[in-house]
Amino acid sequence: MHELSITQSMLDLVLKQAEEAGASRVGKINLVIGEMTGVVDSCVRFYFDFLSKGTPAEEAALDFEVIPTTARCLDCDRDFRLGEFDWTCPYCQSNNIEITGGKELYVKSIEVE
Ligand SMILES: [Zn+2]
């Protein structure tokens with residue numbers, strides 16, 4: 001259910017930006033979602049349709065850029081794509097890893113009219 005509050009704060013931000021830009025309509029919203037956040041784009045879309053009714057963002061298209069989960073091994077210093085249940089370095093099998101990508105969640109840009 002956390003998509004509801006995420007979508008609400010995203011919409012608040014978008015409306016504020018549109019207002020500051022003096023725009024009457026929001027055409028498109030470009031979002032970045034990290035795989036690790038567990039945010040489901042179809043849920044965001046669903047809530048967005050519901051929440052944006054009657055606002056300048058009502059007809060806006062949503063574009064999602066999904067960032068894969070990546071990590072760096074602190075033992076061999078290599079970067080790799082992290083599997084869902086495999087939290088070991090594929091090069092040296094170490095568990096000493098640091099998440100470097102996949103936790104992103106933000107509005108990258110909006111296109112206004
Ligand atoms: Zn390693």
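Values below: every heavy atom of this structure, side chains too, minus hydrogens, waters and symmetry copies. Both ligands and their constituent atoms are indexed starting at 1 by order of listing. None of the values given here were measured: they were computed from a predicted structure.
Checking side-chain atoms of Glu58 against main-chain N and O of Pro56 turns up no donor-acceptor pair under 3.5 Å. No side-chain donor-acceptor contact under 3.5 Å links Glu111 to the backbone of Lys28. At distances below 3.5 Å, not a single donor-acceptor pair connects side-chain atoms of Gln8 with backbone N or O atoms of Leu4.
Heavy-atom neighbours of Glu19 CD from other residues, nucleotides or ligands within 6.0 Å: at or below the threshold of 12. Atom OH of Tyr91 sits in a crowded spot, with more than 12 heavy atoms from other residues, nucleotides or ligands closer than 6.0 Å.
Exactly one residue among Leu82, Ile97, Thr100 makes a side chain to side chain contact (heavy atoms under 4.5 Å, CB included) with Arg72. That residue is Thr100.
Around the Zn ion (ligand 1), the protein contributes the following N, O or S atoms under 2.8 Å, ordered by chain and number: Cys73 SG, Cys76 SG, Cys89 SG, Cys92 SG.
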